[in-house]
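Worksheet: the structure to be examined is printed underneath.
A, B, ... follow the sequence lines: proteins, then strands. Residue 1 opens every chain.
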Amino acid sequence: MKIELSIPSPALLPAGFRDVLPPEAEAEAALVEGLMQVFGSHGYERVAPPMLEFEESLLAGAGAAIAEQMFRLMDSDTHRMMGLRADITPQIGRIATSRLVHVARPLRLSYAGLCLRTRAVAPELARQVAQAGVELIGPDLPEADAEIVLVAAEALRGAQVPGLSFDLTMPALVPAMLDEAGIVGVARQALLHGLDRKDVADVAEYGGVLAGVLTDLLLAAGDADQAIAALARVDFSPEAARLAQRLTDSARAVQARDPGLKLTVDPVEFRGFRYHTGVSVTAYAVGSAEELGRGGRYLSGPNAEPATGITLFPEAVARVAPRGARKPRLFVPLGIAGAPALRVAGFATVAQLAAADDLEAEARRLLCSHILRNGVAVALPVLQTENK
Amino acid sequence: MTEKKLILALPKGRILEECGPVLAAAGIVPAPDYLKDSSRRLRFPTNHPELDVVRVRPFDVATFVAFGAAEIGICGADVLMEFDYSEIYAPLDLGIGICRVSVAEPVGMAGTDDAARWSQVRVASKYPNIARRHFAARGVQAEIVHLNGAMELAPGLGLSRVIVDLVETGSTLKANGLMETEVIAHVSSRLIVNRTALKTKPEQIGAWIAKFREAVAQR
């Protein structure tokens with residue numbers, strides 16, 4: 001038995017971190033820019049908050065839900081605790097309600113950046129996650145809920161994600177039903193856990209007077225029309241009825257604007273970034289176990305201004321989207337002045353730095369597909385490789 | 001990618017035979033050697049061309065389903081309690097594999113000291129999380145000795161004060177001089193599904209859940 005006693009390789013990274021290499025790094029960057037372009041084309045203006053903030057401001061309001069996921073460090077100047085952002089949405093909320101408080105509503109903002117998490121959560125198992133998203137601060141309307149779904153759908157379609165599917169939920173519905181039924185304490189915790197895991201046996205055991213209704217709603221999750229029909233059959237108390245109606249209205253608003261989009265509705269799901277208070281959404285690609293994005297309605301800033309938004313996860317998107325073609329690489333032999341026109345035409349030029357006997361072999365060694373001859377890019381003939 | 005076969009993960013061992021009638025009632029007939037331990041195969045076709053069965057360790061059923069490697073699975077509530085994967089939905093109690101997760105200790109020691117005075121206790125178990133949570137709720141720090149089998153030996157050989165294990169009839173405990181002192185949870189097998197699979201293929205996965213539900217109702 002051999003146990004590695006020496007110090008680990010310097011290439012070893014902490015769990016949950018990775019180096020992104022060519023060509024993935026370029027593909028990911030291009031993907032993010034593609035998403036951001038779609039966001040921008042819908043009037044969402046880009047903002048860029050810093051990686052690091054004072055702990056209190058990151059954790060204020062919507063941010064409190066991610067406190068346990070946040071890396072902290074101390075500012076050696078002020079001795080105040082700072083946090084590395086674990087999610088960008090609360091930062092956008094802070095900007096919207098402070099520096100941009102006087103800008104006309106609805107306020108449309110977009111962002112892209114990296115976040116750090118203290119714990120890697122399955123199935124992604126990454127502690128550094130890229131986010132790219134939009135926030136729509138202002139009107140609390142089904143039309144606003146629909147807009148963020150449709151903008152995200154357009155961005156993901158632009159990235160050619162196959163089998164796109166969106167799931168709409170109303171995280172406040174179940175807590176409202178439990179409040180009105182007076183289910184509290186340990187029974188409430190057990191019931192919420194059972195609902196979260198869609199454990200019909202637990203829901204029947206702890207559901208009390210709501211067991212029947214909750215089981216029906218649990219089983220109705222799925223196709224939007226079927227779930228909406230199931231919601232319509234339930235005799236809700238006033239507050240729950242209002243929330244159920246809003247979920248229905250928002251789903252209908254999405255369907256009316258994009259009838260071809262695959263939409264599911266899950267009335268009893270209440271999972272999210274945990275600060276979501278209204279209609280929430282998760283983006284999936286059929287056949288992939290990862291979420292491509294997540295968002296929903298929340299209250300932003302100290303005055304609890306209504307807001308909604310969606311965050312896409314570019315790394316997850318990159319794993320399901322086809323990767324765009326790489327730029328052809330053009331070998332520029334020594335002594336030839338670059339080829340700006342060819343760069344404009346889409347080539348990546350690779351300048352020769354030291355003389356070599358066989359230019360073609362040298363071009364191949366540097367992974368070039370073309371070689372510059374007499375001012376013209378000539379494709380290198382494909383070699384007959386022996387695949388044995 | 002969307003045409004990928006659905007995978008149903010079944011647990012090897014204790015529960016596998018009990019699964020047979022449920023599968024049959026749900027209209028699933030795997031290749032006959034899926035029950036044979038001698039079979040080297042791990043993946044078996046069924047009478048449904050779009051559904052394959054895989055046979056893995058009970059703890060691994062949950063892992064396969066949580067990561068989406070299998071869309072559907074059958075696994076004990078003990079495994080779900082231990083891992084508490086948020087990516088797993090457990091929409092149906094199959095009513096098979098009935099047993100319990102319990103605390104047991106040597107017959108001679110039970111009742112000899114007041115457990116309320118403990119601040120820590122050494123526990124042998126293959127359920128470290130369940131054991132830790134159970135004792136933490138009582139204010140006791142559980143020092144876990146993680147074993148994969150033959151837990152019943154541990155107290156007698158001085159490895160631990162108590163054990164936390166699956167108990168079906170209690171005969172193994174008795175044969176090893178142990179007695180059950182506390183039931184942590186009653187356990188049965190659940191039909192489990194991957195969360196994303198249910199969200200993105202609600203018709204297909206929902207149809208299988210419905211078939212299993214009918215199968216359980218028939219029993």
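- For the atom pair CG (B/L92) and CZ (B/R190), the distance works out to 9.0 Å, reported to the nearest 0.5 Å.
- Options B/A69, B/P202, B/P91 differ in how many heavy-atom pairs under 4.5 Å they form with chain A, and the most are formed by B/P91.
- Side chains of B/E180 and B/S102: a donor-acceptor N/O pair is present below 3.5 angstrom, by distance only.
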Practice task
Check the pair B/I74, B/L191 against side chain to side chain contact (heavy atoms under 4.5 Å, CB included), reporting the backbone distance first and the verdict last.
Solution key: CA-CA 5 Å; B/I74 293 179; B/L191 183 75; 4.2 Å; yes

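- For B/E71, no part sits under 4.5 Å from any heavy atom of chain A, backbone or side chain.
- Judged by distance alone, the side chains of B/S188 and B/D93 do bring a donor and an acceptor atom under 3.5 Å apart.
- The contact between B/L198 and chain A is made entirely by side chain atoms (from C-beta outward), counting heavy-atom distances below 4.5 Å.
- Salt-bridge formation is not detected for the pair A/R294/A/D167: no Lys NZ or Arg NE/NH1/NH2 atom is positioned less than 4.0 Å from an Asp or Glu carboxylate oxygen.
- Proximity to chain B at a heavy-atom threshold of 4.5 Å picks out A/L219, A/G222, A/D223 from residues 210-226 of chain A, in numerical order.
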Problem - Residue pair A/R323, A/E28: steps toward the side chain to side chain contact (heavy atoms under 4.5 Å, CB included) verdict - result: CA-CA 9 Å; A/R323 190 186 300 151; A/E28 274 188 30; over 6 Å; no

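- Note on A/E269 versus B/K199: salt bridge recorded, some NZ/NE/NH1/NH2 to OD/OE distance being below 4.0 Å.
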